[in-house]
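Presented below is the structure to which this report refers.
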Amino acid sequence: MTDLELKAYLEKARTIAVLGAHKDPSRPAHYVPRYLWEKGYRILPVNPRFAGEELFGIRAVASLEEIAEPVDILDVFRPSGALLGHLPEVLALRPGLVWLQTGIRHSGFEEALKEAGIPVVADRCLMVEHRRLFGVR
């Protein structure tokens, strides 16, 4: 995906679901979505460990199946080996874009999403890319 395409996705996106969101401020699964929330995106935290707790102004849910609204971007903080287990709920959610954070890749998962018409960005940090594309320091 080109920088122009990425920037266009980020400009039109309003809602970002975060699979594996965390409440510990020292963890990327917290400070990346917090950054995005501070930039005006609506963050939907997903993590069974924190279901019912408030993160980024919204109550966390246990699974993607509990999200009942359109999602522009699904930001994933899960180990590569866990991705196929999430595939059915990701396909049912049909986000506009799936973003696999730095260090996360799975060719089978990525290919299944592409075959379903869902674009994927893998092994890149959404916060870093947002800062770079929009000149934010």
Can you list the residues that meet the ring-ring contact (aromatic ring centres under 6.0 Å, His included) rule with Phe56, with sequence neighbours excluded? His30
Listed partners of Asp3 passing salt bridge (Lys or Arg N to Asp or Glu O under 4.0 Å), at least two apart: Arg132
Set of residues satisfying salt bridge (Lys or Arg N to Asp or Glu O under 4.0 Å) with respect to Glu53, sequence neighbours excluded: Lys23
Can you pull the ring-ring contact (aromatic ring centres under 6.0 Å, His included) pairs that have at least one residue in residues 104-130, sequence neighbours excluded? Tyr35-His130, Tyr41-His130, His130-Phe134
Taking the side chain as every heavy atom from C-beta outward, state whether Leu44 and Val61 have any pair of such atoms under 4.5 Å apart. no
Residue list, side-chain contact (heavy atoms from CB on, under 4.5 Å) with Ala62, at least two apart or on another chain: Pro48, Ala51, Glu66
Which residue pairs satisfy the salt bridge (Lys or Arg N to Asp or Glu O under 4.0 Å) criterion with at least one member in residues 112-126, sequence neighbours excluded? Arg124-Glu129
For Leu91, which residues count as a side-chain contact (heavy atoms from CB on, under 4.5 Å) partner, sequence neighbours excluded? Leu87, Leu113, Ala116, Ile118
Glu89 side chain reached by Ser63 side chain, heavy atoms, under 4.5 Å: yes
List the atom pairs, with distances to 0.1 Å, where a side-chain N or O of residues 70-85 and a protein N or O form a donor-acceptor pair under 3.5 Å, not counting sequence neighbours.
residue	atom	partner	partner atom	Å
Asp72	OD2	Arg14	N	2.7
Asp72	OD2	Thr15	N	2.8
Arg78	NE	His86	NE2	3.0
Ser80	OG	Arg105	N	3.1
Ser80	OG	Arg105	O	2.9

Heavy-atom closest contact (Pro119 atom, Met1 atom, distance): CB-CE, 3.7 Å
Sorted by chain and residue number, the salt bridge (Lys or Arg N to Asp or Glu O under 4.0 Å) partners of Glu69 (sequence neighbours excluded) come out as Arg42
Who are the side-chain hydrogen bond (donor to acceptor under 3.5 Å, both in side chains) partners of Thr2, not counting sequence neighbours? Glu5
Sequence neighbours excluded, every pair satisfying ring-ring contact (aromatic ring centres under 6.0 Å, His included) that has a member inside residues 2-25: His22-Phe50
Would you name the heavy atoms of Ala21 and Leu55 that are closest together and state the gap between them? CB-CD1, 4.5 Å
By side-chain hydrogen bond (donor to acceptor under 3.5 Å, both in side chains) - contacts of Glu38 (at least two apart): Arg34
Do Leu36 and Met127 have side-chain heavy atoms sitting under 4.5 Å apart? no
